[in-house]
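Working notes, beginning with the structure itself.
Every chain is numbered from 1, with letters handed out A, B, ... down the list of sequences.
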Amino acid sequence: MAKQVKTAISPTRNEDYPEWYQQVIKASDLAERSPVRGCMVIKPWGYALWENIVQAMDNLFKATGVKNAYFPLFIPLSFLEKEAEHVEGFAKECAVVTHHRLEKGEGGRLEPAGPLAEPLVVRPTSETIIGDSFSRWVSSYRDLPILINQWANVVRWEMRTRIFLRTSEFLWQEGHTVHATAEEALERTRMMLDVYTTCVEEYLAMPVIQGHKSPAERFPGAVDTLCIETMMQDRKALQSGTSHFLGQNFARASEIKFQSAAETEEYAWTTSWGSSTRMIGGLIMTHGDDDGIILPPKVASAHVVLLPIIRKPGDQQSVMDFTEKLALELKEQTYHQRKVVVEIDDRDIGGARGWDWIKKGIPLRVEIGPRDIAQNSLFVGRRDQASNENKAIDRDQFVAAITDILDEIQQNLFQRALAHRKEHTVAIEDKKTFYEF
RNA sequence: CGGGGCGUAGCGCAGUCUGGUAGCGCACUUGAAUGGGGUUCAAGGGGUCGGAGGUUCAAAUCCUCUCGCCCCGACCA
């Protein structure tokens, strides 16, 4: 008799949301905790998801004229001291490198040796080190604008970490631009917020609300910080990207000056904008259900898993042939600039196999047995539908329709998240009502 | 960093109060039977009991210190 298990994940979201989050990640095969405090190991299933997000976002950046570059991991301590408010905000929570050698000490232990003349800070963000380069890249208004992005890791020694949502080290992109006028810099600040909105809504299927951060929440040294927020299933908001108008603050700190057409020397206007692996945390908390994560097709690590069902040894050959031929045809389909990614799972582990893929959030599961082959059909389960709602679909129709089905899932996930947000949003016009609420 | 909880096999836990041969479930390996929703049976492998020091004939268990994890709070640029 099959074990009576109602949901693949325990506890459910309603029972204990934070614990559900931990469990759903464990079951998803996306990532795991590492021996290093607050740091995570991103496993292949999770990294493929990140690569797809990177790809989508990178294309959107480049479409606005942004180019990628790379700057050092280490920032001289003195660089961080240049911008007064920046100093305030970044004085804490940084990893600092003070030595450059290890020596064998007492009892064979390795001990730091060779103190550095100036400590190096592992970048928590790169305004200052990139600003240093910009100061040399800019001398004339003809050099502007400069539109740079880097994909990198950064370290922020947070007191409390949660996998994907806030880790000591995380992967992100940081864009840094330099402009001749405040208007142009402001326009860029808003433009990149729109790019984030597009990416998060169209690829991650998460409805976004744009806004301004309060002065207290503003990036240290910024004149204005714009952000996008998304509502999780526990009805809390998650910041999923920020875009900063830095005014001339960092230009003054880093001496980014240029000669204008009117032959005057002026400080440039800069922006910076970032988004990180936290988006994956948001994705999990937006779409996940009590059976695990649900990956939106446009960024899913894989689109469809084929599950051959072999009952008798004699069926092995014909089922596998049918499966592999189907895989080849599916892989030829293109879904939003990406070839359809197909997994074949022929492990002989019974029903646990299907549940593995449900927990991993793959959009489509296809069971292939002798019965299906006889009828040239497939038994298809969609991750955005109940786990027992599988349907028989004609094989050739499925191949022809797979991109439409994936689109349907993508849309469905977005609409579901949007409905959830609407249901739990209240418009409040005055302070009194707000505090009462 | 403050409050609370917890560290025993890959995961989840019992054993700790009352010191006496290291256990259970799942996972894993092998074999067999099954087979379209977590199947069953059998036989196996795997543990410095987070770490260090102490008490004792004897420590997972008692004492001291320490490290780490989870939740809440502050922080989250």
Side-chain angles (χ1 to χ4, degrees), chain A residues 1-11 16-23 25-27 32-39 80 83 85-94 121 123-128 154-163 165-168 170 172 174 213-222 225 227 238-239 242-244 246 249-250 272-274 276 278 281 291-292 307-313 315-316 319 347-359 365-375 377-381 386-392:
Chain A
M1 245 337 261
K3 259 193 294 184
Q4 289 300 306
V5 181
K6 282 182 189 148
T7 62
I9 303 298
S10 176
D16 184 346
Y17 199 78
E19 182 59 23
W20 168 83
Y21 181 76
Q22 303 284 340
Q23 292 303 324
I25 284 180
K26 197 174 284 180
E32 62 188 23
R33 312 188 15 71
S34 82
V36 184
R37 196 204 93 109
C39 294
L80 288 180
E83 212 290 330
E85 285 183 43
H86 209 53
V87 173
E88 282 293 307
F90 283 85
K92 296 167 277 184
E93 331 298 9
C94 286
V121 177
R123 62 181 164 221
T125 181
S126 305
E127 275 74 9
T128 57
V154 288
V155 169
R156 298 176 183 179
W157 213 263
E158 304 291 354
M159 288 296 99
R160 184 179 159 205
T161 58
R162 291 182 75 189
I163 201 158
L165 294 172
R166 177 166 299 108
T167 44
S168 299
F170 55 89
W172 81 337
E174 49 181 322
K213 283 293 190 190
S214 65
E217 293 176 309
R218 200 175 280 158
F219 178 72
T225 290
C227 60
L238 183 76
Q239 174 189 305
T242 49
S243 187
H244 315 290
L246 303 176
N249 295 345
F250 282 86
S272 69
W273 24 278
S276 71
R278 167 186 280 187
D291 287 333
L307 304 166
I309 290 160
I310 295 150
R311 286 206 276 176
K312 300 181 219 103
D315 295 336
Q316 167 97 26
V319 172
R347 291 175 299 164
D348 185 15
I349 56 170
R353 185 176 59 167
W355 284 104
D356 265 9
W357 290 99
I358 290 172
K359 289 184 276 194
R365 306 180 303 281
V366 176
E367 294 180 15
I368 301 162
R371 233 149 61 200
D372 307 294
I373 294 174
Q375 295 164 24
S377 75
L378 305 166
F379 206 54
V380 178
S387 61
N388 58 0
E389 237 184 84
N390 305 359
K391 282 194 200 86

| said: Using a 4.0 Å heavy-atom cut-off, does A:G381 contact any base of the nucleic acid, only the sugar-phosphate backbone, or nothing at all? | reply: nothing
Hits for salt bridge (Lys or Arg N to Asp or Glu O under 4.0 Å) against A:D356, two or more places apart or cross-chain, chain-then-number order -> A:R347
For B:G31, the nucleotide meeting Watson-Crick or G-U wobble distances (both under 3.5 Å) is B:C41
Partner of B:G23 under the Watson-Crick or G-U wobble criteria, both distances under 3.5 Å, comes out as B:C13
Sorted by chain and residue number, the side chain to side chain contact (heavy atoms under 4.5 Å, CB included) partners of A:P11 (sequence neighbours excluded) come out as A:E15, A:D16, A:E19, A:Q23
### Query
With a 4.0 Å cut-off on heavy atoms, is A:N390 in touch with a base, just the backbone sugar-phosphate, or nothing at all?
base
Check every strand shown and say whether A:K213 touches a base, only sugar-phosphate, or nothing at a heavy-atom separation below 4.0 Å. nothing
Scanning all shown strands, the Watson-Crick or wobble mate of B:C75 with both distances under 3.5 Å is none
Respond yes when some side-chain nitrogen or oxygen of A:R33 is under 4.0 Å from OP1 or OP2 of B:G68, and no when none is.
no
Distances under 3.5 Å between nitrogen or oxygen atoms of protein and nucleotides 1-9 of chain B:
none

Contacts of A:E217 meeting salt bridge (Lys or Arg N to Asp or Glu O under 4.0 Å) (sequence neighbours excluded), chain-then-number -> none
With sequence neighbours left out, the residues meeting side-chain hydrogen bond (donor to acceptor under 3.5 Å, both in side chains) with A:T167 are none
The ring pair (Phe, Tyr, Trp, His ring centres under 6.0 Å) partners of A:Y21 (sequence neighbours excluded) come to none
Those residues at least two apart in sequence (or on a different chain) that pass salt bridge (Lys or Arg N to Asp or Glu O under 4.0 Å) with A:K213 are A:E229
- Query: Base, sugar-phosphate, or nothing: which does A:K26 touch, judged by heavy atoms less than 4.0 Å apart?
  - Reply: sugar-phosphate
Short heteroatom pairs, N/O only, protein and nucleotides 29-34 of chain B, under 3.5 Å:
none

task = Look at all strands and tell whether A:G369 reaches a base, only sugar-phosphate, or nothing, counting heavy atoms closer than 4.0 Å.
result = base
When both distances are under 3.5 Å in a Watson-Crick or G-U wobble arrangement, the nucleotide paired with B:G53 is B:C63
Applying side chain to side chain contact (heavy atoms under 4.5 Å, CB included) to A:E389 and not counting sequence neighbours gives A:Q385, A:A386, A:K391
| said: Is the phosphate of B:C70 approached by A:R162 (side-chain N or O, under 4.0 Å from OP1 or OP2)? | reply: no
(message) For A:W172, does the six-membered ring have the charged nitrogen or CZ of A:R123 within the cation-pi criterion, i.e. under 6.0 angstrom from the centroid and within 45° of the normal?
(response) no
For B:U48, the nucleotide meeting Watson-Crick or G-U wobble distances (both under 3.5 Å) is none
| Looking across every strand, which nucleic acid part, if any, lies under 4.0 Å from A:Q22 by heavy atom: base, sugar-phosphate, or nothing? | sugar-phosphate
Respond yes when some side-chain nitrogen or oxygen of A:Q23 is under 4.0 Å from OP1 or OP2 of B:C11, and no when none is.
no
